Amino acid sequence: MTLEEVHGQEPVPEGHDRMQGAGKALHELLVSAQRRGCLTAGVYESAKLMNVDPDNVAFCVLAADEEDEGDIALQIHFTLIQAFCCENDIDIVRVSDVPKLAAIVGPSEESGEPRDLHCILITNPSEDGWKDPALEKLKLFCEESRNVNDWVPTIALPE
């Protein structure tokens, strides 16, 4: 019996297909979380939320393009966020295409301005027991990645 059979899920495909499945699940999760008001974007906003209510955080996405790789301050923030997520059992992934992420999440609803998408948190709504299948697939993907010592796997978003 596989882990997927135990959890009642379809098996996650191997290799490239597995990565594409994770990218599709992340896309679905971001859309669903935004619709439910369970998405927090921005390094500073995410840090505040994790400080106040870490038990409410279900998933973390760190995003950086090639030009961001040289930003030492951002890399320090990423290191601290990763450590916090590992300490609090929060699954975390990286995305290397901020424009695709921006196309999915869109601008801030309040101001219409582009958001800081370097860190995105998905939270659990307190009013209901939200069980998103995409979140479950991503949690399984992260667990499988940790089993092969990939603690913060990189996911490619679908076209």
Side-chain angles (χ1 to χ4, degrees), residues 3-4 6-13 17-65 68 74-109 115-158:
L3 184 60
E4 291 85 6
V6 170
H7 290 292
Q9 299 172 342
E10 294 180 25
V12 177
D17 291 339
R18 181 175 167 265
M19 186 67 69
Q20 284 183 329
K24 184 179 179 201
L26 180 58
H27 183 277
E28 292 170 7
L29 177 63
L30 291 169
V31 170
S32 176
Q34 185 161 354
R35 193 174 31 236
R36 290 180 161 272
C38 302
L39 187 139
T40 301
V43 172
Y44 179 71
E45 293 81 1
S46 297
K48 283 193 318 187
L49 178 64
M50 285 190 286
N51 186 45
V52 172
D53 193 8
D55 294 334
N56 197 34
V57 177
F59 200 77
C60 179
V61 178
L62 297 179
D65 283 331
D68 294 326
L74 183 61
Q75 296 309 315
I76 291 170
H77 286 303
F78 280 3
T79 301
L80 294 171
I81 291 168
Q82 288 173 23
F84 187 89
C85 288
C86 288
E87 187 175 304
N88 289 282
D89 296 322
I90 299 168
D91 289 314
I92 183 171
V93 296
R94 287 187 77 129
V95 173
S96 61
D97 196 338
V98 177
K100 276 187 191 174
L101 197 56
I104 295 168
V105 176
S108 172
E109 292 176 8
R115 302 190 223 197
D116 169 15
L117 298 176
H118 290 109
C119 182
I120 296 176
L121 297 181
I122 308 299
T123 56
N124 292 314
S126 57
E127 68 273 357
D128 62 11
W130 180 44
K131 291 291 182 195
D132 190 302
L135 179 60
E136 297 304 318
K137 285 179 188 174
L138 285 167
K139 286 184 174 291
L140 182 60
F141 174 80
C142 288
E143 183 178 328
E144 290 174 350
S145 295
R146 283 191 299 272
N147 288 338
V148 293
N149 290 325
D150 187 3
W151 295 94
V152 184
T154 300
I155 292 180
L157 292 168

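Source: prediction; values computed, not measured. Sequence positions, counted from 1, serve as the residue numbers for this chain.
Cys60 contributes atom SG, which lies 10.5 Å from atom CG of Leu49 (distance to the nearest 0.5 angstrom). The line from CG of Leu74 to OG1 of Thr79 is 9.5 Å long, rounded to the nearest 0.5 Å.
Under the 4.5 Å side-chain criterion, counting only non-hydrogen atoms from C-beta, Ile155 is in contact with Phe141. Proximity of Thr40 to Val57: side-chain heavy atoms (C-beta onward) are nowhere separated by under 4.5 Å. Contact check for Ile122 versus Leu39: side-chain heavy atoms found under the 4.5 Å cut-off. Between Asp116 and Tyr44 there is no side-chain heavy-atom pair separated by less than 4.5 Å.
With sequence neighbours left out, Asp68 forms a side-chain hydrogen bond (donor to acceptor under 3.5 Å, both in side chains) with His118. Evaluation of the side-chain contact (heavy atoms from CB on, under 4.5 Å) rule for His27 yields Val31, Ile104, Pro158 as partners, not counting sequence neighbours. For Ala47, there are no side-chain contact (heavy atoms from CB on, under 4.5 Å) partners two or more places apart in sequence or in a different chain.
Annotation for Ser46 and Ala41: closest pair OG-C, 4.5 Å, computed over non-hydrogen atoms. For Ala64 against Phe78, the heavy-atom pair with the smallest separation is CB-CE2, 3.8 Å. Residues Asp65 and Ser96 share a closest heavy-atom pair of OD1-O, 3.1 Å. Counting all heavy atoms, side chain and backbone alike, Leu101 lies closest to Leu157 at N-CD1, 3.8 Å.
Among residues at least two apart or in separate chains, there is no salt bridge (charged side-chain N to carboxylate O under 4.0 Å, His left out) pair with a member in residues 37-59.
Side chain of Asp132 to backbone of Leu29: no donor-acceptor contact under 3.5 angstrom is found.
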Atom pairs and distances, side-chain donor-acceptor, residues 84-94, under 3.5 Å, sequence neighbours left out:
{"unit_1": "Asn88", "atom_1": "ND2", "unit_2": "Phe84", "atom_2": "O", "d": "2.9"}
{"unit_1": "Asp91", "atom_1": "OD1", "unit_2": "Arg146", "atom_2": "NH1", "d": "2.7"}
{"unit_1": "Asp91", "atom_1": "OD1", "unit_2": "Arg146", "atom_2": "NH2", "d": "3.3"}
{"unit_1": "Asp91", "atom_1": "OD2", "unit_2": "Lys139", "atom_2": "NZ", "d": "3.4"}

